[in-house]
Amino acid sequence: MKRAILLSAFLLSQFGTSQLLKTQGQKIVNDKGENIQLRGLGVGGWMLQEGYMLKTADFAGPQYKIKEKIAELIGEDGMNEFYKAYLKNGITKQDVDFLKKAGFNSIRLPMHYNLYTLPIEKEPVKGQNTWLKEGFDMTDDLLKWCADNKMYLILDLHAAPGGQGNDVNISDNDKSKPSLWESEENQKKTIALWKKVAERYKDEPWIGGYDLINEPNINFTGKNPNGTDEMSNAPLWKLQKEITEAIRTVDKKHLIIIEGNGWGNNYNGLTPLWDNNMVFSFHKYWTNNDDAALKSILELREKHHIPIWLGETGENSNVWFTELIQLLDKHNIGYAFWPMKKIDNIAGITNVKITPEYEKLLNYWKNGGEKPSKEFSEKALMQIADHYKFSNVEIKNDVIDAMFRQTTDGSTKPFKNLQAPGKISAADYDLGRMGAAYLDKDFINLWVSDPAKRSEWNYGNQLRNDGVDIYKGKNNEYYVGKTESGEWLQYTVNAKSGKGYTFDISYASKVPAKIKITDASGKQLGIVSLQPTGGNETWKMASVKGINLKKGENKIRIYFENDGVNLKSFEMK
């Protein structure tokens, strides 16, 4: 009760600076009528884990299976202790402060219903709803941190009671139990949960809206199991309408965000709109960043004269991120990137660092063998939970730079402070767009638009999210590999004095090759012949003298004249 009173007092103190969102034709505006383009991040992996986020996808995709694997090693109580630490560390005020500083103005919260209410099969009285404190407290805390930063919080029911589709990982769907669509009880619980949520947050100006059902993917009448060919979607529109009606009995103000079938994008059979403060959400992954890719959702916006919002996107290269945001800015479309934290990850704004101990658990779960002890497993899992703290994650400045600065600024910036004389890691090339900071021939994944374009973009999958293929070699040293003729890397180097420097280049190559050194304008500064070293990680040194650098800032480029050269570092003397 005390917490509720404090929260109410907090809400009243905020209401004087209300920025409550609403629709105005095809725009989302605040209560001053100002256009608001939501630039958001989805905190996926916090309330709901998918296997790929924890590197368990090969043997445990949905969260309930991940929990089973953990309980197998450390027991039910140990698993609960792990999740207690995981949830405590997953999103904190520090995380939200960081997102605001990075440039985001909103957060999408993927909610797991089981943090707010019991599953229908565990209800003491059939058909009734037991409300759980944990989910509401987590939401209250996140809301306060958002309000402190004047950021919008969008509530997204990511795992609905029973699960809303056949892609089991995204909604923690246990196929042995009735789904959302097979159970009237699950539907009633979903409606009741939304009413309870709306009742709690009805007067909160920093709630951006209610995203009713994340990525429905179900074949009601069609053949595709994920509903991509569904033509009517009647049960989906009916349930979202019923949820809206329940919300409106307690909350007349906040945006209602609906999603289509087929992971959010299939709006076939849409019935007449049932609310005057509604937004269409769509999701976009691995498709071209051009007007044609947005054609159907832009037509939907035009036809119904209501706003559209890209509620989920990501999992691609920095080039793709920059191009997508430029496209969305052009069409005044808000967005929420996905997700914030994953283990051993380059494509997000943070990386949760993996440990050898956790890798041992993964290996056991996947391949069997000797079972790790309970003591070892507990320690390994609690260490991973600790790595989710904001103070322990690795900030991916290259991703943040691509999402914000590079969308309007084509210049390059140093990735690190590089000095001459000094040694430079090949992976420390400049921050900037492709064609300005580097050139690489595989730099994007467009497999949904064109299955032939399923590219890893960074085949080493290490350190940075550009097209440059960075690998981790022996002794945990990074190197640039899978180079092709014509590719290049640019480095901003501060020279202590203007003179001719000797470059000692650490490289590996199976064939004879050449590297050319130029300035940013293409003027050749030197060229060096490379003899075969005998293997991809058999390193040798090649030297070239008389590389003239001026005192102060120099932008130099290293061009690969042949395929297959691995570059570890170069030292300027």
Taking everything shown except Lys195 itself, do over 12 heavy atoms lie less than 6.0 Å from its NZ?
-> no

Close aromatic pair by centroid cut-off 6.0 Å: Phe104 and Phe404 = yes

With Tyr152, the ring pair (Phe, Tyr, Trp, His ring centres under 6.0 Å) member among Trp309, Tyr201, Trp206 = Trp206

Kindly give the heavy-atom pair with the smallest separation between Ala85 and Ala385, and that separation in Å.
-> CB-CB, 4.0 Å

Check whether any side-chain heavy atom of Met231 lies under 4.5 Å from a side-chain heavy atom of Thr221, and answer yes or no.
-> no

Hits for ring-ring contact (aromatic ring centres under 6.0 Å, His included) against Tyr86, two or more places apart or cross-chain, chain-then-number order -> Phe82, Tyr83, Tyr388

Within a strict 4.5 Å, meaning less than it, do heavy atoms of the His254 and Tyr210 side chains meet?
-> yes

Would you please classify the geometry between the Tyr116 ring and the Phe136 ring as parallel, tilted or perpendicular, with 30° and 60° separating the classes?
-> perpendicular

Nearest heavy-atom pair of Ile333 and Leu310: which atoms, and what distance?
-> CG2-N, 3.9 Å

Audit row: Thr117, Glu123, side chain to side chain contact (heavy atoms under 4.5 Å, CB included) steps and yes/no = CA-CA 9 Å; Thr117 186; Glu123 284 291 359; 3.7 Å; yes

Student check: side-chain heavy atoms of Val29 and Lys22 closer than 4.5 Å | yes

pair Leu327-His331: side-chain heavy atoms closer than 4.5 Å = yes

Determine the minimum heavy-atom distance between Thr407 and Ala402, stating which atoms define it.
-> CG2-O, 3.6 Å

Would you say the side-chain atoms of Asp58 and Trp365 include a donor-acceptor pair closer than 3.5 Å?
-> no

Kindly write out the residues that satisfy side chain to side chain donor-acceptor pair (under 3.5 Å) with Asn289, not counting sequence neighbours, or none if the list is empty.
-> Lys284

Hey, does Asp344 have a side-chain heavy atom less than 4.5 Å from the side chain of Lys55?
-> yes

Backbone of Lys93 reached by a side-chain donor or acceptor of Lys144 within 3.5 Å | no

Pairwise distance CG(Asp148) to CG(Leu143) - rounded to 0.5 angstrom = 9.5 Å

Any donor-acceptor pair under 3.5 Å from Gln164 side chain to Asn214 backbone | yes

Contact summary for Lys189 and Thr130, nearest pair of heavy atoms = NZ-N, 4.5 Å

Side-chain (Asn217) to main-chain (Asn166) donor-acceptor, under 3.5 angstrom | yes

Using distance alone, with no hydrogens and no angle criterion, decide if Lys353 and Asn392 have a side-chain donor and acceptor under 3.5 Å apart.
-> no

Given side chains that start at C-beta, do those of Ile247 and Thr244 come closer than 4.5 Å, heavy atoms only?
-> no

Examine distances only and state if a side-chain atom of Asn30 and a backbone atom of Ile36 form a donor-acceptor pair shorter than 3.5 Å.
-> no

Is there a donor-acceptor pair closer than 3.5 Å between any side-chain N or O of Asn288 and the backbone N or O of Ala293?
-> no

Would a distance-only check, ignoring hydrogens and angles, find a side-chain to backbone donor-acceptor pair under 3.5 Å from Asn266 to Gly227?
-> yes

From the options Ile218, Thr190, Asn173, Leu236, select the one residue that forms a side chain to side chain contact (heavy atoms under 4.5 Å, CB included) with Leu180.
-> Thr190

Are the side chain of Glu456 and the backbone N or O of Asn461 linked by a donor-acceptor pair below 3.5 Å?
-> no

When rounded to the nearest 0.5 Å, the distance separating CG of Leu298 from CD of Gln26 is 9.0 Å

Trp237 vs Tyr267 aromatic rings, parallel, tilted or perpendicular, using cut-offs 30° and 60°?
-> parallel

Are the charged groups of Arg39 and Asp329 less than 4.0 angstrom apart, N to O?
-> yes

Under the ring-ring contact (aromatic ring centres under 6.0 Å, His included) rule, collect the residues that match up with Trp338, sequence neighbours excluded.
-> His158

Go through the side-chain N and O atoms of Asn149 and Asp97 and say whether any donor and acceptor fall under 3.5 Å apart.
-> yes

Return a table of donor-acceptor pairs under 3.5 angstrom between the side chains of residues 65-72 and protein atoms on other chains or two or more places apart.
| residue | atom | partner | partner atom | Å |
| --- | --- | --- | --- | --- |
| Glu72 | OE2 | Tyr364 | OH | 3.0 |

Provide the closest heavy-atom pair for Met278 versus Thr23 in the form atom of the first, atom of the second, distance.
-> O-CG2, 3.5 Å

Quick one: does Trp320's side chain have a donor or acceptor within less than 3.5 Å of a partner on Asn445's backbone?
-> no

Run the ring-centre check on Trp457 versus Phe443 and record whether the distance is less than 6.0 Å.
-> no

Between Asn233 and Gly269, is there a donor-acceptor pair closer than 3.5 Å when you use the side chain of the first and the backbone of the second?
-> no

d(Lys84 NZ, Glu134 CD) to nearest 0.5 Å is 9.5 Å

Decide yes or no for Val393 and Met340: does some side-chain heavy atom of the first lie under 4.5 Å from some side-chain heavy atom of the second?
-> no

Across all chains, not counting sequence neighbours, the salt bridge (Lys or Arg N to Asp or Glu O under 4.0 Å) partners of Lys188 are Glu184

Asn363 and Asn367: side chain donor to acceptor below 3.5 Å | yes

Worked verdict on Asp466 versus Asn318 for side-chain hydrogen bond (donor to acceptor under 3.5 Å, both in side chains) = CA-CA 5 Å; Asp466 298 314; Asn318 286 340; 2.9 Å; yes

For Asn224, all residues meeting side-chain contact (heavy atoms from CB on, under 4.5 Å), sequence neighbours excluded = Asn226, Thr228, Asp229

Hey, is the main chain of Ser281 close enough, under 3.5 Å, to the side chain of Glu259 for a donor-acceptor pair?
-> no

Which atoms form the tightest heavy-atom contact between Gly90 and Asp95, and what is the distance?
-> O-OD2, 3.9 Å

Neighbour count >12 (heavy atoms, 6.0 Å) for atom CD, Glu302 = no

Does Lys126 NZ have over 12 foreign heavy atoms under 6.0 Å away?
-> no

Is Pro110 close to Val43 at the side-chain level, that is, under 4.5 Å between some pair of heavy atoms?
-> yes

Can you measure from CD (Glu230) to CG (Asn219) and round to the nearest 0.5 angstrom?
-> 7.0 Å

In this structure, CZ of Arg405 is separated from OG1 of Thr322 (nearest 0.5 Å) by 9.0 Å

